[in-house]
Amino acid sequence: MGRSDSYQDLEYAEPLDENSKLAADRASPFQKALGMNTGKYPMDQRIEDKKRGIGRQKYPLVVWALTIIMIGVFINELVVNSRAQGTPVSFKPVVNPMLGPSESALINLGARFPPCMKVVQGLPLTTQMACLNDTANPPDRLCSIEDVCGFGGFNGGEPNQWFRFITAIFLHAGFIHIILNMLAQLTISAQIEREMGSAGFFITYFAAGIFGNVLGGNFSLVGAPSLGASGAIFGTVAVTWVDLFAHWQYQYRPGRKLAIMTVELLFGIALGYIPYVDNFAHLGGLCMGLLVGTTLYPVISPTKRHKLIMWGFRLTAIPLAVVLFVVLIRNFYTSDPYAACSGCRYLSCIPTASNNYCQGTGFSTTTTTGGSSI
């Protein structure tokens, strides 16, 4: 099959018409971010380029930079655990199933852990937990929550490390975790950056990642740390759904593609039930990715009706995204999330005797590895 007919090809290709590329390049950053950089870019040319998998740019620079940073952060995680326990990977008192640092080390380095971010009912600041250098089960080296949280502690006040909504994105629970996430990031996310451009991709990626952590902070077990880039990656996956439905008539075998994407999505959500995975980060990232992706993804509108529909979605998505952020951040700090949705925890937790049937905080002092990664 010829190159022009291979609609499913996701590699960057050069435009058929160099003038069309120059017309797009002359657009302002604002026009590029909102998909308004058509200029003298003929509609037929845009459609053909879309079918051939041509994006706004050739190289996914943000994805490459993020991947390098995350690998560097992971190396630092291993160094910190090695200094504390003597080995880069935590093997005592239990093995980290993701083959990475201990739970205490991950919390100390910036994982999302609500007791470091606010006062958590049932987990007062006097609560003792395993120190970074503990290797016994039950722990025989205990530290306060404030000591394990690090970053200068709470300075005599209440926990206030809000930045963990962001830092958790860059951390990974182990070799298995980071390998899986980086493979997805260097393939799916990279192609989305090529199509959206770096500015729109950057906004979508971090909006999805942060919102996934906010949603997880509200409804996941508050005593279990959570970390990883999966929420942000799910946000870029959501953009592929925007692309599919907005460009249905230009997709190669769209029905088949929809079926495959549905199976992949269900598989990703199913992974949210295994240990060390937070489904709320996946679902939150997916939700915010849909809203921001609808706003920033460059959609081809061949008719005025299609254009009006897309702008209707965009004008709805923007305030909805803002409202969701405001409401859930406020709920995290001022309310009891479980009171608002007592059954939500079961979206990311299978009730077993080991986790007290998903009741309580999920915090345990009998092991040093038992959190959630995303």
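Ring pair Phe74/His172: centre-to-centre distance not below 6.0 Å. You'll find the ring centres of Phe313 and Phe245 outside the 6.0 Å limit.
Thr240 contributes no side-chain N or O that, together with a main-chain N or O of Thr236, makes up a donor-acceptor pair within less than 3.5 Å. Of the possible polar contacts, one joining the Asn81 side chain to the Thr87 backbone as a donor-acceptor pair under 3.5 Å is found. With hydrogens and angles ignored, the 3.5 Å screen pairs a side-chain donor or acceptor of His177 with a backbone N or O of Ala173. When atom types are taken as modelled, the side chain of Asn76 and the backbone of Gly72 share no donor-acceptor pair closer than 3.5 angstrom. A donor-acceptor contact shorter than 3.5 Å is absent between the side chain of Asn279 and the backbone of Ala270. Side-chain N or O atoms of Ser82 include none that pairs as donor or acceptor with a backbone N or O of Leu78 at under 3.5 Å. For Ser189 (side chain) and Leu186 (main-chain N/O), no donor-acceptor pair under 3.5 Å exists by modelled atom type.
Put simply, Leu315 and Leu324 are part of two different groups of oily side chains (I, L, V, M, F, W, Y) that touch within less than 4.5 Å, one to the next. Note on Val322: it does not cluster hydrophobically with Tyr205, by side-chain heavy-atom contacts below 4.5 Å among ILVMFWY residues. In the hydrophobic clustering of this structure, Leu106 groups with Ile69; members are Ile, Leu, Val, Met, Phe, Trp, Tyr whose side-chain heavy atoms approach within less than 4.5 Å, directly or through other members. Put simply, Ile166 and Val62 are part of the same group of oily side chains (I, L, V, M, F, W, Y) that touch within less than 4.5 Å, one to the next. Using a 4.5 Å cut-off between side-chain heavy atoms of Ile, Leu, Val, Met, Phe, Trp and Tyr, with links allowed through other members, Leu286 and Val327 fall into different hydrophobic clusters.
Atoms CE and CG, from Met288 and Leu328 in turn, are 8.5 Å apart once rounded to the nearest 0.5 Å. Note that the CZ atom of Phe91 and the CD atom of Gln85 stand 10.0 Å from one another [nearest 0.5 Å]. Atom CG of Leu132 and atom CD1 of Ile107 lie 9.0 Å apart (nearest 0.5 Å). A distance of 13.0 Å separates OG1 in Thr294 from CH2 in Trp241, rounded to the nearest 0.5 Å.
Counted by atom type alone, Ser102 and Ser90 present zero donor-acceptor pairs between their side chains at under 3.5 Å.
Arg164 and Cys116 get closest at one heavy-atom pair: NE-CB, 3.3 Å. Nearest approach of Phe113 to Gly223, heavy atoms of both residues: CE1-O, 3.3 Å. Considering every non-hydrogen atom in both Pro97 and Ile176, the closest pair reads O-CD1, 3.6 Å. Smallest separation of non-hydrogen atoms from Asp278 and Gly216: OD2-CA, 3.8 Å. The shortest non-hydrogen separation linking Pro115 to Val222 is CD-O, 3.3 Å. In this structure, Ser301 and Lys307 approach most closely via the heavy-atom pair OG-CA, 3.6 Å.
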From CA spacing to verdict: side chain to side chain contact (heavy atoms under 4.5 Å, CB included), Thr67, Gln185:
CA-CA 8 Å; Thr67 302; Gln185 185 162 283; 3.0 Å; yes

His247/Val299 under side chain to side chain contact (heavy atoms under 4.5 Å, CB included): CA gap, chis, key distance, verdict
CA-CA 7 Å; His247 299 132; Val299 174; 3.7 Å; yes

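Contact annotation: the side chain of Phe201 approaches that of Val63 to within less than 4.5 Å [non-hydrogen atoms, C-beta and beyond]. Residues Leu283 and Phe234 form no side-chain contact, since every pair of their non-hydrogen atoms from C-beta on lies 4.5 Å or further apart. For the pair Leu125/Pro159, a side-chain contact is recorded, criterion being any heavy-atom separation below 4.5 Å from C-beta on. The shortest side-chain heavy-atom distance between Gln161 and Phe154 falls under the 4.5 Å cut-off. Contact check for Ile179 versus Leu183: side-chain heavy atoms found under the 4.5 Å cut-off.
In this structure, Phe206 and Phe170 have tilted ring planes: the angle between them lies in the 30° to 60° band. Ring geometry for Phe332 against Phe165 counts as perpendicular: the plane angle is over 60°, on a 0 to 90° scale with 30° as the lower cut.
Ser198 pairs by the side chain to side chain donor-acceptor pair (under 3.5 Å) definition with Gln57, Glu193, not counting sequence neighbours.
Open room surrounds CZ on Phe202; 12 or fewer heavy atoms of other groups in view lie less than 6.0 Å from it. In Trp162, the CH2 atom is not crowded: 12 or fewer heavy atoms of neighbouring residues, nucleotides or ligands sit closer than 6.0 Å.
Of the residues listed (Val237, Thr295, Val242), the one engaging Leu290 in a side-chain contact (heavy atoms from CB on, under 4.5 Å) is Val242, and it is the only one.
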